Amino acid sequence: MRASQLFIPTLREDPGDAEAASHRLLVRGGFVRQVAAGLWTFLPLGWRVHEKIVQIVRAEMDATGCQEMFMPVVTPAELWQRTGRYDIPELWKVQDRLERPFVLAMTHEETVTFHARELRSYRDLPQMLYHFQTKVRDEPRPRAGLLRVREFVMKDAYSFDRDEEGLERSFRLQEAAYHRIFERCGLEVYAVQAESGMMGGSESADFLAPSGSGENTLVTCEKGDYSADLEIAHGVPRAPEFPESFDAPDAVETPGVTTIEALAELLGVDTAATSKAMPVVKTDGTLVLGLVRGDDRLDEAKLAAVVGSAVRPATEEEIRNTFGADPGSVGPLGFSGEVLADETLRNGQFVAGANRTGWHLRGVEHGRDFEARFADIRQAKEGDACPRCGGRLGFQTAIEIGHIFKLGTFYSEPLGAKFLDEEGQERPILMGSYGIGPGRVMAAAVEQNHDEHGIAWPRALAPYDVHVVAIGAAGAEAVETAERLAGELEENGASVLLDDRDQRPGEKFAGADLIGCPTRVTVGKKTLEDGRVDVLVRAGRVEERVPVEDLAGQVGSPA
RNA sequence: CGGGAUGUGGCUCAGCCUGGUUAGAGCGCCGCGUUUGGGACGCGGAGGCCGCCGGUUCGAAUCCGGCCAUCCCGACCA
């Protein structure tokens with residue numbers, strides 16, 4: 001294609017409202033444009049990349065026997081009311097002209113289950129269906145370009161099985177396909193256990209791509225045998241240096257001390273030998289005291305999972321009423337409600353709040369001085385040891401680019417998707433759902449493959465395989481040669497972007513660096529004099545001068 | 001939804017604090033010419049309800065109030 005005829009509106013400067021590298025570069029390179037917060041147009045270049053990702057996903061889905069179909073964005077509210085998802089705040093609700101309620105689907109479990117009601121016999125199972133469709137979500141806060149948006153294309157696949165074994169098989173089939181997809185896309189990705197969120201169901205796995213920006217924190221072991229989302233990651237913290245022990249809790253005055261650091265300093269103890277009390281309130285109004293080591297942070301999500309309810313931090317007023325002390329001096333002793341302590345506090349003596357403002361207790365010991373329920377409720381920290389091998393845990397910001405779930409009967413029960421087994425017994429279908437957002441894959445690819453000059457696309461995702469830069473004005477010999485070479489490369493199977501615009505060389509080079517095609521071929525009279533052209537590999541920016549007749553071989557066939 | 005910031009030609013921004021002729025710069029765009037291996041140069045041009053509404057004032061891009069939009073942090077989140 002000739003650049004002179006394409007709509008590739010590149011920007012010389014970074015857009016003022018972009019921070020994430022992918023956001024900046026995709027906008028600057030003319031791949032995407034924002035229409036409103038979280039609503040994006042894919043321009044021709046961006047859509048080429050998007051569709052390359054789609055094709056890879058499609059090929060791997062088809063290879064698993066998953067069948068492509070197409071379901072509408074607009075769905076009747078009734079389906080969502082039946083599954084209890086109608087009240088999700090992110091659900092975009094609309095009405096038709098007769099004011100009948102509809103929903104712009106944020107995902108298609110309801111609709112696909114509606115169709116799954118036609119699977120009546122065990123003979124019809126298993127089945128796997130998928131489609132690419134626009135998803136709509138009324139996000140409270142769209143952000144970082146393509147990372148969190150209000151409307152986006154997603155590949156969502158659904159499996160239908162008669163029993164747990166079948167579901168397990170389907171789940172693993174999809175999981176393996178996901179690894180192949182991201183491998184083909186040239187992405188570094190980790191599959192980690194994840195929360196199921198608003199999807200319902202049991203097991204789920206997240207596919208996290210490390211990147212310079214993103215909403216997830218990926219925890220990995222340096223030895224490569226452990227990876228998890230920070231939300232559920234388990235780390236082994238260092239052992240505390242315990243001070244002298246006490247036969248009974250020893251009250252010390254700690255006036256004005258509200259931070260662990262100040263407390264540890266005042267008492268001359270290791271912060272890891274102190275405890276931190278975090279009162280939280282469950283949805284039923286019950287107050288629970290979360291207890292973690294002084295140098296740790298309470299993970300509210302973990303705590304919420306253990307107590308089986310969403311929780312919020314208690315207000316200062318609630319804390320004073322319950323404990324009779326200011327928040328900085330609260331502890332487990334004398335508290336009549338449930339104490340949920342982190343495993344790290346099971347053994348040893350710790351400093352704890354005395355439930356008396358301005359006082360703490362030294363030598364507080366579980367079992368002797370207070371009772372508690374133990375669980376992993378601390379947030380893993382960088383530098384913690386790996387729970388598997390003891391190696392060091394590292395943290396990376398990551399983008400969630402895929403998520404697979406075992407849904408079980410969460411949708412089939414309320415929507416009545418049932419089948420008859422061999423015994424004539426009616427049973428609900430067991431479902432799984434499997435999503436990938438090509439837009440996020442695109443953003444992750446940029447996050448992982450760029451430098452100060454622009455994007456360096458993985459071969460499989462690049463908008464064009466080769467960017468041929470013709471030096472000189474239209475009609476010049478170099479330009480004609482460039483056109484001929486571009487044609488030859490195309491005949492050889494490569495997709496080619498020919499920069500035939502009447503622009504200065506520097507501008508063309510800068511544009512090519514920004515757009516990021518894997519290979520750049522510079523055709524100018526300087527090298528043409530001895531029958532050669534310059535071939536630059538974008539990743540690493542290594543340039544080599546090659547004879548024109550070797551060009552096709554040098555550039556290679558497309559991925 | 002809480003906290004913070006920003007809204008001025010297509011883009012990036014200055015001007016606002018301390019109100020006062022036709023509102024500026026760089027880049028981009030159009031025309032002519034010179035140029036052509038890392039974002040050239042000269043000359044001439046086009047393009048702005050200064051986010052919106054209201055208030056203060058003789059006078060508002062500038063001060064005050066309300067609203068809207070966008071970005072960032074948090075809450076939230078397939």
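In what follows, every chain begins at residue 1, and chains take the letters A, B, ... in the order their sequences are listed. Just so we're clear, the structure is a prediction, and the values are computed from it rather than from any experiment.
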Check: For the side chain of A:R148 and the base of B:C77, is some donor closer than 3.5 Å to an acceptor across the two?
Finding: yes
Considering only the [atom1] atoms, how many Å lie between [N] and [M], rounded to the nearest integer?
| N | M | atom1 | result |
| --- | --- | --- | --- |
| B:C30 | B:G3 | P | 47 Å |
| B:A14 | B:G9 | P | 13 Å |
| B:A61 | B:A23 | P | 9 Å |
| B:G51 | B:C13 | P | 15 Å |
| B:C52 | B:U35 | C1' | 47 Å |
| B:U62 | B:U8 | P | 14 Å |
| B:U36 | B:A40 | C1' | 9 Å |
| B:C73 | B:C27 | C1' | 32 Å |

Next item on the list: Could you note down all residue pairs passing salt bridge (Lys or Arg N to Asp or Glu O under 4.0 Å) where residues 32-42 of chain A supplies at least one of them, sequence neighbours left out?
Entry: none
Margin query: Over 60° means perpendicular and under 30° means parallel, so tell me whether A:H50 and A:F42 are parallel, tilted or perpendicular.
Written below: perpendicular
Next item on the list: Kindly assign one of parallel, tilted or perpendicular to the pair A:H403 and A:F405, based on the angle between their ring planes and the thresholds 30° and 60°.
Entry: parallel
Notebook entry, point to check: Who pairs with A:E168 by side-chain hydrogen bond (donor to acceptor under 3.5 Å, both in side chains), at least two apart in sequence or on another chain?
Noted result: A:R172, A:K406
Check: Among all residues two or more places apart in sequence or in another chain, which pass the side-chain hydrogen bond (donor to acceptor under 3.5 Å, both in side chains) test with A:H108?
Finding: A:K135
Taking [atom1] from [X] and [atom2] from [N], how many angstroms apart are they, rounded to a whole number?
| X | N | atom1 | atom2 | result |
| --- | --- | --- | --- | --- |
| A:I88 | B:C77 | CD1 | P | 10 Å |
| A:L11 | B:G26 | CG | P | 19 Å |
| A:E139 | B:A75 | CD | C1' | 13 Å |
| A:W92 | B:C77 | CH2 | P | 18 Å |
| A:R143 | B:C77 | CZ | C1' | 8 Å |

Notebook entry, point to check: Once each nucleotide of nucleotides 27-38 of chain B is scored for protein heavy atoms under 4.0 Å, what B/S/- sequence comes out, 5' to 3'?
Noted result: SS------BBBB
Note to self: Heavy atoms only, 4.0 Å cut-off, all strands: where does A:A144 land among base, sugar-phosphate and nothing?
What the structure shows: sugar-phosphate
Test side-chain contact (heavy atoms from CB on, under 4.5 Å) applied to [X] - qualifying residues, sequence neighbours left out:
| X | result |
| --- | --- |
| A:P140 | A:E90 |
| A:P279 | A:L287, A:L289, A:A314, A:I319, A:F323, A:V330 |
| A:E477 | A:T481 |
| A:E215 | A:R143, A:R148, A:R440 |

Next item on the list: Residues of residues 14-33 of chain A with any non-hydrogen atom less than 4.0 angstrom from an atom of RNA chain B: list those, numerically ordered, please.
Entry: A:D14, A:P15, A:G16, A:D17, A:E19, A:R28
Any donor-acceptor pair under 3.5 Å linking the side-chain atoms of [Y] with those of [X]?
| X | Y | result |
| --- | --- | --- |
| A:T527 | A:D534 | no |
| A:D62 | A:Y130 | yes |
| A:Y434 | A:S159 | yes |

Margin query: Going by side-chain hydrogen bond (donor to acceptor under 3.5 Å, both in side chains), name the pairs with one or both residues in residues 441-455 of chain A, residues two or more places apart or in two chains.
Written below: A:S22-A:E447, A:S213-A:E447, A:D451-A:R538
Notebook entry, point to check: Dot-bracket, RNA chain B: Watson-Crick or G-U, under 3.5 angstrom, [ ] crossing, | other strand?
Noted result: (((((((..((((......[...)))).((((((.....)))))).....(((((..]....))))))))))))....
Next item on the list: Measure the spacing between OG1 of A:T409 and CE of A:M431 and express it to the nearest 0.5 Å.
Entry: 10.0 Å
Nucleotides 1-10 of chain B: which of its N/O atoms have a protein N/O under 3.5 Å away?
none

Next item on the list: For A:G145 and for A:T10, locate the closest nucleotide of RNA chain B by heavy-atom distance; then report the residue assigned to the nucleotide nearer the 5' terminus.
Entry: A:T10
Checklist line | Salt-bridge criterion met for A:K381 and A:D296 (N-O under 4.0 Å) | finding: yes
